[in-house]
Amino acid sequence: AGPRANGATCSTEDAMLGLRELEALMQQELRSLHERCGLLQDAVDDRAVGPIRRIEQKLSDHDLKVEQLLGDSQECSARVEEHEVRIGVSRAKLDAQDQRLALVSDRMDRALRGGGER
């Protein structure tokens, strides 16, 4: 029974040693994979995520500018309407002055014709 037990012990010890070696190799491979994943993540961040973030920032900046321009255009539109009203009032006054001038001109012409006939 002794040699068998001794042989079984060697087999168990060999199996445990093999298991530890396998575990060490697995841990080394996992560390290597983890490092490679980190490098891959850095590359993705540099080539894709960074530019996407810059584009998002530019988009946000442009959105603010568009909002500001919309506000400015509404203000300009209100000013244009105000000026159109003022121009309309000025045009009406000018038309009224033209009518008065035409009446005065007609009276002057009649007065001059009437005075010349006497």
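Please read all numbers here as calculations on a predicted model, not as lab measurements.
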As an exercise, state the distance from [atom1] of [X] to [atom2] of [Y], rounded to the nearest 0.5 Å.
| X | Y | atom1 | atom2 | value |
| --- | --- | --- | --- | --- |
| Leu64 | Leu59 | CG | CG | 10.0 Å |
| Cys76 | Glu81 | SG | CD | 12.0 Å |
| Asp98 | Ser105 | CG | OG | 11.5 Å |
| Leu101 | Met108 | CG | CE | 10.5 Å |
| Glu29 | Arg36 | CD | CZ | 8.5 Å |
| Lys58 | His62 | NZ | NE2 | 7.0 Å |

Please confirm whether the backbone N or O of Leu70 pairs with a side-chain atom of Ser73, one donor and one acceptor, at under 3.5 Å?
yes

Please determine whether a side-chain nitrogen of the Lys or Arg among Glu35 and Arg31 lies less than 4.0 Å from a carboxylate oxygen of the Asp or Glu.
no

Answer yes if the side chains of Gln99 and Asp95 hold a donor-acceptor pair under 3.5 Å, and no otherwise.
no

Within the 4.5 Å heavy-atom criterion, are Leu94 and Arg91 side-chain neighbours or not?
no

